[in-house]
Amino acid sequence: MSSRGQFITFEGTEGVGKSTQLENAASVLKAMNIDVVVTREPGGTPMAESIRELLLTPRDEPVNDLTELLLMFAARAQHLHTRILPELAAGRWVLCDRFTDATFAYQGGGRGVSADAIATLETLVQGDVRPDHVVLLDATVETGMARARHRGELDRFERETVAFFERIRQTYLERAASAPQRYHRVNAARPLEAVSEEVAGLLRSFATR
Ligand code: Z5A
């Protein structure tokens, strides 16, 4: 029987380079003959991807903060229980573009939902499952926006203000500072090669722990 894989999430404000570094991390692990799957939240299964569509589509109707929060966790319940946990149990590593830290940052820090309410849903949906490691790609909001915003139509989150994203960055930094053994803050403002090298080093170190 294979041993459980590691669950590693990539977080940060928009455009900091999460998708780019997920691919880099997957190549590092594959080169070490580690079986790896790359996925994302909200999303990662057909049903959770449909919920993602609901969440990201700009609409005229105001979206209630609790509706947004519950949809995030509805997508997460489906993704975690039907995909992530079976992959980990089969011995594969799971690299996920965002997870519950994003909920604390966006719905908590960004929208102002209480951390207690989020923690209650976290326990309900996840029990004691938490990422083994969180790679926090950190850069100023302006840097991320400048990288992300030449992609055309903005989604419902991308239409938010700089102040919204500043609160999100602050929440991420506070969470990372509170558990430095599990959160790995990477200065993502540097050129791609330097960021990729540091992330590759982190992945190699996780593989030997
Ligand atoms: N959300 C939420 O509110 N609550 C939750 O619980 C969860 C999510 C799970 C969708 O997320 C939205 O859902 C998100 C939060 C919310 N909304 N926002 N904003 P997403 O992860 O799919 O969307 P995103 O944050 O907007 O990701 P992104 O824009 O695709 O960015 P990224 O993956 O971090 O960046 P990238 O695509 O790798 O890179 C962007 C560009 O920069 C690209 O051209 C790269 O080639 C370039 N790049 C990357 N690194 C560098 C460096 N180092 N130098 C120069 N250029 C670089």
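Counting begins at 1 with the first residue of the sequence. Atoms within each ligand, like the ligands themselves, are counted from 1 in listed order. All values reported here derive from a predicted model rather than from experimental measurement.
Here the CD-CZ distance, from Glu41 to Arg52, works out to 10.0 Å after rounding to the nearest 0.5 Å. Summarising the geometry, atom CD belonging to Gln78 is positioned 9.5 Å from atom NE2 belonging to His81; distances are rounded to the nearest 0.5 Å.
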Report the C-alpha separation of Arg185 and Glu11 in whole Å, then their side-chain angles, then the decisive distance to 0.1 Å, and conclude whether the salt bridge (charged side-chain N to carboxylate O under 4.0 Å, His left out) test is met. CA-CA 10 Å; Arg185 178 180 172 187; Glu11 298 280 0; over 6 Å; no
Hey, mind stepping through Arg111 and Phe164 against side chain to side chain contact (heavy atoms under 4.5 Å, CB included) and telling me if it holds? CA-CA 8 Å; Arg111 303 277 190 227; Phe164 175 79; 3.5 Å; yes
Residues Val129, Glu122; criterion side chain to side chain contact (heavy atoms under 4.5 Å, CB included); working and verdict: CA-CA 9 Å; Val129 177; Glu122 180 182 44; over 6 Å; no
Does the pair Glu160 and Ile168 meet the rule for a side chain to side chain contact (heavy atoms under 4.5 Å, CB included), with working shown? CA-CA 11 Å; Glu160 289 292 342; Ile168 288 163; over 6 Å; no
Give the intermediate values and the outcome of salt bridge (charged side-chain N to carboxylate O under 4.0 Å, His left out) for residues Asp132 and Arg4. CA-CA 11 Å; Asp132 295 296; Arg4 180 189 177 277; 3.2 Å; yes
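The residue from Thr9, Leu154, Thr20 that puts a heavy atom closest to atom 45 (C) of ligand 1 is Thr20. Ranked by closest heavy atom to atom 48 (N) of ligand 1, the top entry among Arg147, Gln21, Glu11 is Arg147. Of the options Glu23, Lys18, Glu193, Arg40, the smallest heavy-atom separation from atom 27 (O) of ligand 1 is shown by Lys18. Remark: among candidates Arg98, Gln107, Glu158, Met145, the nearest residue to atom 24 (P) of ligand 1 is Arg98, based on non-hydrogen atoms.
Residue-to-ligand polar distances place Arg52 within reach of ligand 1: an N/O pair is separated by less than 3.5 Å. Taking only nitrogen or oxygen atoms, main chain and side chain alike, Glu68 does not reach within less than 3.5 Å of ligand 1. Polar contact with ligand 1: present for Gly15 (N/O pair, distance under 3.5 Å). By the 3.5 Å distance cut-off applied to N or O atoms, Leu56 is not counted among the residues near ligand 1. Considering backbone and side-chain atoms alike, Arg76 places an N or O below 3.5 Å from some N or O of ligand 1.
Near Glu41, with a cut-off below 4.0 Å to any heavy atom, the atoms of ligand 1 are 9 (C). The Pro42 neighbourhood of ligand 1 comprises atoms 7 (C), 8 (C), 9 (C), 13 (O), with distances under 4.0 Å to a heavy atom of that residue. Applying the 4.0 Å criterion to heavy atoms of Thr103 picks out, from ligand 1, the atoms 5 (C), 6 (O). Short contacts between ligand 1 and Asp97, defined as distances under 4.0 Å to a heavy atom of the residue, involve ligand atoms 21 (O). Those atoms of ligand 1 that come under 4.0 Å of a heavy atom in Pro191, given as number and element, are 53 (N). In the vicinity of Arg190, heavy-atom distances shorter than 4.0 Å reach the ligand 1 atoms 52 (C), 53 (N), 54 (N).
The protein heavy atom nearest to atom 33 (O) of ligand 1 is Ser19 OG, 2.5 Å. For atom 7 (C) of ligand 1, the nearest non-hydrogen atom of the protein is Ala102 CB, 3.6 Å. The protein non-hydrogen atom at the shortest distance from atom 18 (N) of ligand 1 is Phe157 CB, 3.5 Å. Nearest protein heavy-atom neighbour of atom 19 (N) of ligand 1: Glu14 CB, 3.3 Å. For atom 30 (O) of ligand 1, the nearest non-hydrogen atom of the protein is Arg151 NH1, 3.1 Å. Given atom 5 (C) of ligand 1, the protein heavy atom at minimum distance is Met72 SD, 3.4 Å. When only non-hydrogen protein atoms are considered, atom 50 (N) of ligand 1 lies nearest to Leu192 CD1, 3.7 Å.
Within 6.0 Å of CD in Glu142 there are more than 12 heavy atoms belonging to other residues, nucleotides or ligands. In Gln181, the CD atom is crowded: over 12 heavy atoms of neighbouring residues, nucleotides or ligands sit closer than 6.0 Å. Around the CE atom of Met32, the shell of radius 6.0 Å holds more than 12 heavy atoms that belong to other residues, nucleotides or ligands.
Exactly one of Glu87, His79, Arg98 qualifies for a side chain to side chain donor-acceptor pair (under 3.5 Å) with Thr39. That residue is His79.
Checking side-chain atoms of Arg159 against main-chain N and O of Leu154 turns up a donor-acceptor pair under 3.5 Å.
For the pair Phe10 and ligand 1, no heavy-atom separation below 4.0 Å is found.
Closest non-hydrogen pair, Val195 versus Ala188, comes out as CG2-CA, 3.9 Å.
Counting only heavy atoms, the protein never gets under 4.0 Å from atom 43 (C) of ligand 1.
Using the six-membered ring where Trp is involved, His184 and Phe206 have ring planes that are tilted, between 30° and 60° apart.
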